[in-house]
There are 2 protein chains.
Amino acid sequence: MSDCAGMNDVRKYHHGDLKRALIQAGIEILRTEGLDRLSLRACAERAGVSHTAPKNHFGNLTGLLTAIAAEGQKQLCAAMQPNQGASRDDRRQAAFEGYVAFARANPAMFELMFSRRLVDFSDPVLAAPLGASAAILRDVSGGMIWDKSDAPDADKRAEMFNWCLVHGFATLALQGVFDKDGMRDIGIADILPGFAFRDPAAAE
Amino acid sequence: MSDCAGMNDVRKYHHGDLKRALIQAGIEILRTEGLDRLSLRACAERAGVSHTAPKNHFGNLTGLLTAIAAEGQKQLCAAMQPNQGASRDDRRQAAFEGYVAFARANPAMFELMFSRRLVDFSDPVLAAPLGASAAILRDVSGGMIWDKSDAPDADKRAEMFNWCLVHGFATLALQGVFDKDGMRDIGIADILPGFAFRDPAAAE
DNA sequence: CGATGTAAATTTACACTGTAAATATAGAGC
DNA sequence: GCTCTATATTTACAGTGTAAATTTACATCG
């Protein structure tokens, strides 16, 4: 009878940590049943409360889904972390592989995280994790040398380039678009161009 | 004698071209009200039939949405078409710009088209338009020279590369991820690397 | 300590969704 | 003219999110 958040199992009228329990319930539903089965009522039932209880903590469905997505963004960010002391090339590799691996391992969560219809991207709870992921991409994109390196916004462009490439790969691969013609075995590392960096010494 | 959507308004028991009318209704709802408002019942009402009439033609909601998405894929494919006699560079430019422009002009449709939860990608009605878009990408990617040009699947990788890049850009831009730091003004052409082609003469 | 105020959870109700089953209609083919 | 069949309707049902009114438990204060 683990239920709720596992910590202190005193079943009382006031749950105590319902907010966290509902988010956790949503994460588990995503993992075990998929995005289609993720509903307000399902989260509430799994947390052992009435189906209107979430309203007090999240306002409406979008609020709950956004909170769940924020947790997912944190996990995605963690999945992109490189080993300590990795070079910039290795960091970039780690970020890309981690991004795609996370999407593959958590398809329902990934789909929720980037679904504008379900998530309110202007919600402050998303700012920190989204910013952290952007920071990683910025780190591994800075100083990249290509034919647009002389443009004023070169670093921004490089960041966007990498983000588009990895997100497009993850999204399309998840939808099975590459499940044909032997494209299935081609990974993100196989299509990622090996750009040089301006200052190889700084790639430490 | 298509009539169906307003031409010849003979309201009879058997609609005559309900299948097409329902798809058209869905497209209009996507354009005017958004993906959230796209429902079986809404399509049926707009077509002037009972809410269970679509079942005869599409089976279930997924069938209708997939048919609508297939129409969208056709439109996307048309949006990627270059001018006659354009060089390969121009064709690539046209494909990329067209892809992104279509997503921006039809955000609801674009979201539907690539939503695995709403669309059945194994439905045969999607095969032709999806294949046509893939063919365009393949065309503008063939013979691309980069540091992976010696790999056995170089052409496949190049196609995937371009697809990921443009789809990632369209998806992320649509979700407003780039609405910050002056990234909003950076277009797909600004981040697309200018790869060379193996045989410049063949780029006609 | 007891009263009160408030946050949190419940009950109830409602409009909306997709789907299924049974029924009604119109047109085609013989 | 008859039947057969595709098409559309009616009716019903389980599920969804949301709102309003109600109940509960806890904290705060006199």
Side-chain angles (χ1 to χ4, degrees), chain A residues 3-5 8-26 29-30 33-69 108 112 115 117-120 123, chain B residues 1-5 8-26 29-30 33-69 108 112 115 117-120 123:
Chain A
D3 84 79
C4 76
N8 234 346
D9 185 21
V10 266
R11 183 159 326 200
K12 34 186 183 173
Y13 191 93
H14 289 87
H15 185 286
D17 203 2
L18 182 54
K19 194 164 187 173
R20 223 167 281 279
L22 286 169
I23 294 175
Q24 193 57 34
I29 290 173
L30 282 178
E33 306 182 47
L35 183 50
D36 293 314
R37 307 298 294 273
L38 179 61
S39 69
L40 248 175
R41 291 167 112 105
C43 288
E45 185 180 19
R46 186 176 273 257
V49 295
S50 76
H51 69 277
T52 53
K55 186 172 191 178
N56 296 309
H57 298 278
F58 298 102
N60 55 16
L61 174 65
T62 302
L64 174 55
L65 296 188
T66 301
I68 295 171
L112 167 67
S115 173
R117 283 171 54 241
L118 303 176
V119 168
D120 177 14
D123 193 311
Chain B
M1 49 188 63
S2 63
D3 85 87
C4 79
N8 231 345
D9 189 19
V10 265
R11 188 154 323 199
K12 35 186 184 175
Y13 192 93
H14 289 87
H15 185 286
D17 202 3
L18 182 53
K19 194 165 187 174
R20 222 167 280 279
L22 286 169
I23 295 175
Q24 194 56 34
I29 289 173
L30 282 178
E33 306 182 47
L35 183 50
D36 293 315
R37 307 298 295 273
L38 179 61
S39 69
L40 249 174
R41 290 166 113 105
C43 289
E45 186 181 18
R46 185 177 273 258
V49 295
S50 75
H51 69 278
T52 53
K55 186 172 192 178
N56 297 309
H57 298 277
F58 300 101
N60 54 17
L61 174 64
T62 302
L64 174 54
L65 296 187
T66 301
I68 295 171
L112 168 66
S115 174
R117 284 171 52 241
L118 304 177
V119 168
D120 177 13
D123 193 310

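So you know, we letter chains A, B, ... as the sequences are listed, proteins then strands, and number each from 1.
By the 6.0 Å contact criterion, CZ on B:Arg37 is open, its count of non-hydrogen atoms from other residues, nucleotides or ligands being 12 or less.
Proximity of B:Leu30 to B:Leu35: side-chain heavy atoms (C-beta onward) are separated by under 4.5 Å at one or more points. Counting heavy atoms from C-beta outward, A:Leu18 and A:Asn56 have side chains that stay 4.5 Å or more apart. Inter-residue side-chain proximity for A:Phe58 and A:Ile68 is flagged as unmet; no heavy-atom pair is nearer than 4.5 Å.
With hydrogens and angles ignored, no donor-acceptor pair under 3.5 angstrom links the side chain of A:Asn56 to the base of C:dA7. In this model, a side-chain donor or acceptor of A:Thr52 finds a partner on the base of C:dT11 within 3.5 Å.
In this structure, the NE2 atom of B:His57 is 6 Å from the C1' atom of D:dT7, given to the nearest Å. Atoms CG (A:Leu18) and P (D:dA25) sit 16 Å apart, rounded to a whole Å. Nucleotide D:dT16 holds its C1' atom 13 Å from the CD atom of A:Glu45, rounded to whole Å. Atom-to-atom, CG of B:Asp36 to P of D:dT16 comes out at 18 Å; the value is rounded to the nearest Å. Between the CG atom of B:Leu64 and the P atom of D:dA8 there is a distance of 13 Å, given to the nearest Å. Rounding to whole angstrom units, CZ of residue A:Phe58 and P of C:dA8 are separated by 12 Å. A:Arg117 places its CZ atom 14 Å from the C1' atom of D:dT16, with the value rounded to the nearest Å.
Judged as a side-chain hydrogen bond (donor to acceptor under 3.5 Å, both in side chains), and not counting sequence neighbours, the contacts of A:Asp120 are A:Ser122.
In plain terms, the two heavy atoms of B:Leu65 and B:Leu38 that are nearest each other are CD2-CD2, 3.5 Å.
Between D:dA8 and B:Lys55, no contact under 4.0 Å exists linking OP1 or OP2 to a side-chain N or O.
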Return the polar atom pairs (N/O with N/O) between nucleotides 15-18 of chain C and the protein under 3.5 Å, or none.
{"from": "C:dT17", "atom 1": "OP1", "to": "B:Ser39", "atom 2": "OG", "distance (Å)": "3.4"}
{"from": "C:dG18", "atom 1": "OP1", "to": "B:Leu40", "atom 2": "N", "distance (Å)": "2.9"}
{"from": "C:dG18", "atom 1": "OP2", "to": "B:Leu40", "atom 2": "N", "distance (Å)": "3.2"}
{"from": "C:dG18", "atom 1": "OP2", "to": "B:Arg41", "atom 2": "N", "distance (Å)": "3.3"}
{"from": "C:dG18", "atom 1": "N7", "to": "B:Arg41", "atom 2": "NH1", "distance (Å)": "2.4"}
{"from": "C:dG18", "atom 1": "O6", "to": "B:Arg41", "atom 2": "NH1", "distance (Å)": "3.0"}

